[in-house]
Every structure is written in structure tokens, then in C-alpha cells.
Amino acid sequence: RAERREDIISWIEKKFRVKQRYSFEGFEEEGLILEGTGSMVLDRENQTVYACLSPRTDPALLDRFALLRNYTKVVFNAIDQKFNPVYHTNVIMAMGKHEAILCSECIPNDAEKKAISDSIHSTGKTLIEITWSQVLNFAGNMLQLRNAAGDLYWVMSSSAYDSLTYEQKTGLQKQARIIH
């Protein structure tokens, strides 16, 4: 919330075509928060939002977001190795056009783990599992981008890249190039 700057939001709205802006800022006074940048991982193509519950992901606001955007929700609980809630979904999960990255060892509930896996597989995406050790090296924080020519890229830190196995890198590079 401290990082949110109206001047930057206004600049973006002037530079790019913004179809709709949803503002949940008024709920902050009630202690309700939905940090869209990290608490939700979106599969825009399949209109699905993945979110681990935490103080930064209020379930009521998540319901509101899903209703406004006509998204299906896949909600789960995730913990670190000290049993603390994972604050942001994008620390343990990333979504691409053909792949989804997930650290399922952070999800203690088998039914929630299965719901995520089933949802991802129902879209035809390949699920690439990462470990907690890789999460600590920011492997969950990768992002897939597309250039003007339509080429796909996985963008990640060198720390994340170095933590990936040969098989994981090969899986990511089937449909996209890696930039680190």
C-alpha cells in the first residue's frame, strides 16, 4: 500500500489503454486487503485466479475480484518451513501460457494441492514443480512476457535460474526463451 502512487497509475492510464480499473483501497480502513501484484496469480486466458490466503489476501475481497472479473477461484493455504503463512502467491507460483510453476510442498492440505493441480491440468498446461529451496532462490517469482512479435519469454533472476534443474529449464524452454 505504501508503494501505491496515484501519479504512476495516472501515467499508465494515459500511456496505455486501460479497459477497467477496480479499486479496493477503501476496504483498507476495515483491515481488508487484496494485494493484486503478489497475492493473486492470474491465468488470464482461462479466467482463473490462484491465491493463497494470508493477511494480504482477504477472502471476501478475493470473492469480489473474481465476481467482477468473472474468474474462477482456486484458493489454498500455503506455509513456509517454519509453518508461517506464505504472504504472496507469486512467491511459490508462476503462470505461463503453456506451463505453471508451483511449489506444492508449501501446501499442507492434499485436497487443496489436488484442486490446484487439477485446475492447471484442465487447461492443458504442464505443471512444473519447484522446491522450497528453489523458492528461497526466487524461482517462484518468475514472470512470462510476450513481445510485440508474439514470442514468449520467461523472465527471472539469475539466482532463480541457477537453482533450476536441467529438466525444469528444458520444460520452461519448450515454448519460451529464458531471460535471467
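Computed from a predicted structure; not experimentally measured. Atom set for the values below is all heavy atoms of this structure, side chains included, hydrogens, waters and symmetry mates excluded.
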Colleague: Nearest 0.5 angstrom please: Asn137 CG to Ser158 OG, how far?
Modeller: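 Output value for this atom pair is 11.5 Å.
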Colleague: Using salt bridge (Lys or Arg N to Asp or Glu O under 4.0 Å) as the criterion, list what pairs up with Arg17, not counting sequence neighbours.
Modeller: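 Listed in chain order: nothing, the list is empty.
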Colleague: Within a strict 4.5 Å, meaning less than it, do heavy atoms of the His98 and Gln144 side chains meet?
Modeller: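 Side-chain contact under 4.5 Å: no.
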Colleague: From Leu172 CG over to Ile101 CD1, what is the distance, rounded to the nearest 0.5 angstrom?
Modeller: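 So the gap between those two atoms works out to 5.0 Å.
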Colleague: Tell me if a side-chain donor or acceptor on Gln173 pairs with a main-chain N or O of Lys169 at a distance below 3.5 Å.
Modeller: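 Yes: the side chain of Gln173 pairs with the backbone of Lys169.
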Colleague: Please answer: with hydrophobic residues joined when any side-chain heavy atoms are less than 4.5 Å apart, are Ile107 and Val49 in the same cluster?
Modeller: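 Result: no, two separate clusters.
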Colleague: Would the distance check show the side chain of Asp43 and the main-chain N or O of Gln47 forming a donor-acceptor pair, the cut-off being under 3.5 Å?
Modeller: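 Side chain of Asp43 to backbone of Gln47: no pair is present.
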Colleague: Is it true that, when you exclude Glu29 itself, more than 12 heavy atoms of the residues, nucleotides or ligands shown sit nearer than 6.0 Å to its CD?
Modeller: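 Counting other residues, nucleotides and ligands, CD of Glu29 stays at 12 neighbours or fewer.
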Colleague: Can a donor-acceptor pair be found, under 3.5 Å and without considering hydrogens, that links the side chain of Ser39 to the backbone of Glu35?
Modeller: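 Pair found, side chain donor or acceptor close to backbone of Glu35.
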Colleague: Is there a path of hydrophobic side-chain contacts, each under 4.5 Å between heavy atoms, that joins Val135 and Met40?
Modeller: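 Different hydrophobic clusters.
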Colleague: For residues Asp151 and Arg146, determine if any side-chain heavy atom of one lies less than 4.5 Å from a side-chain heavy atom of the other.
Modeller: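 Side chain of Asp151 against side chain of Arg146, heavy atoms only: no contact under 4.5 Å found.
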Colleague: Is Met95 reachable from Val75 through a run of hydrophobic residues whose side-chain heavy atoms are each under 4.5 Å from the next?
Modeller: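 No; tracing contacts between hydrophobic side chains, which count when under 4.5 Å, never links both residues.
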Colleague: Tyr161: what forms a ring pair (Phe, Tyr, Trp, His ring centres under 6.0 Å) with it, not counting sequence neighbours?
Modeller: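 If we apply the ring pair (Phe, Tyr, Trp, His ring centres under 6.0 Å) test to Tyr161, skipping adjacent residues, the hits are His180.
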Colleague: At their closest point, which heavy atom of Ala78 faces which heavy atom of Cys52, and how far apart are they?
Modeller: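 Closest approach of Ala78 to Cys52, heavy atoms only: CB-CB, 4.0 Å.
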